[in-house]
Amino acid sequence: MNPCNMNELGLSLEAPWAVGHFNIHNLEFTRAVVRAAESERSPAVLAVGMLSIKYMGLEALINACKVISMETDAPIAIHLDHARDVAIVKQALSLGINSVMFDGSALSYEENVDKTSQVVKMAHDCGATAEGEVGIIPHGDARVNKDDMTDPTMAVEFAERTGVDFLAVSLGSVHGMKTAGASLDQELLQSLHRQVPVPLVLHGASGVVDGHLANAVANGIRKINVNTRLKVVLKKFFTSRLTRKQEADLLEDYELGMDAVAKAVAERMRLFGSSGKA
Ligand SMILES: [Zn+2]
């Protein structure tokens, strides 16, 4: 099926399930996610991030996502993750991407409102959806400071002024964690879900234990971003495979690597409640 935007994935504010956003970096990751969507009958988001664009190229990745998403009837959106300048959003939209995230978390609040509003207009003019971010979701070894978490009043105002379709919020998760050690402020999430008029997005899910992720879905998260977890799964698989089966054909290694990633994606889909929703 042709890829769609994020409003066409079947999500609603009320229904307690979330779509998985899976960062892809090459053909293998893309096909693994689409295979999992097909086998789980689940919608999915194929996400293209800045490091992957540097690695593989924006046009190559968007085209790979377009072609491979045709291999399933499950709804698949292609999404630009963490764009920090308007030029790359424009380029991605011109290549036919369905959804874009503008990350203005490093800007002042007013600049974030201004740039995100521009991105929302550009996306909507192309039939695409847009995600913004309020609050700071740190990277690496940093921990979330209470002051960096998303303030509900500010989040409501931001959603209304910018017109975003989805809003990323800071609740305690951290980007790039290789083991699950972060916990989420579920009370803050409940308060955001009650007040903010658009679906909420959780970034940094690889660092959050499964129980907290399930609660986050029950409390209003509707899109969950998964990146590091899949990289860790594939790296572990290759480390073990290449020591045990050095004589095997490389394509067999890749094929089994895709199976390992698809299995990890399917397991996330079941946890997020999106299995069977396509
Ligand atoms: Zn993120």
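All ligand and atom numbering here is 1-based and tracks the order in the structure.
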Undergrad: With a cut-off of 2.8 Å, how many protein N, O or S atoms neighbour the Zn ion (ligand 1)?
TA: 3
Undergrad: Can you confirm whether the side chains of Ser240 and Arg244 place a donor and an acceptor under 3.5 Å from each other?
TA: yes
Undergrad: Return the set of residues passing salt bridge (charged side-chain N to carboxylate O under 4.0 Å, His left out) with Lys54 (not counting sequence neighbours), or none when no residue passes.
TA: none
Undergrad: Side chains of His21 and Asn23 only: does a donor on one sit below 3.5 Å from an acceptor on the other?
TA: yes
Undergrad: How far does CD1 of Ile97 sit from SG of Cys126, to the nearest 0.5 angstrom?
TA: 11.0 Å
Undergrad: Hey, could you give me each pair passing side chain to side chain donor-acceptor pair (under 3.5 Å) that has a residue in residues 177-186? Not counting sequence neighbours.
TA: Lys146-Asp185, Gln186-Asn219
Undergrad: Does anything in residues 3-28 pair up under salt bridge (Lys or Arg N to Asp or Glu O under 4.0 Å), and if so which pairs, sequence neighbours excluded?
TA: none
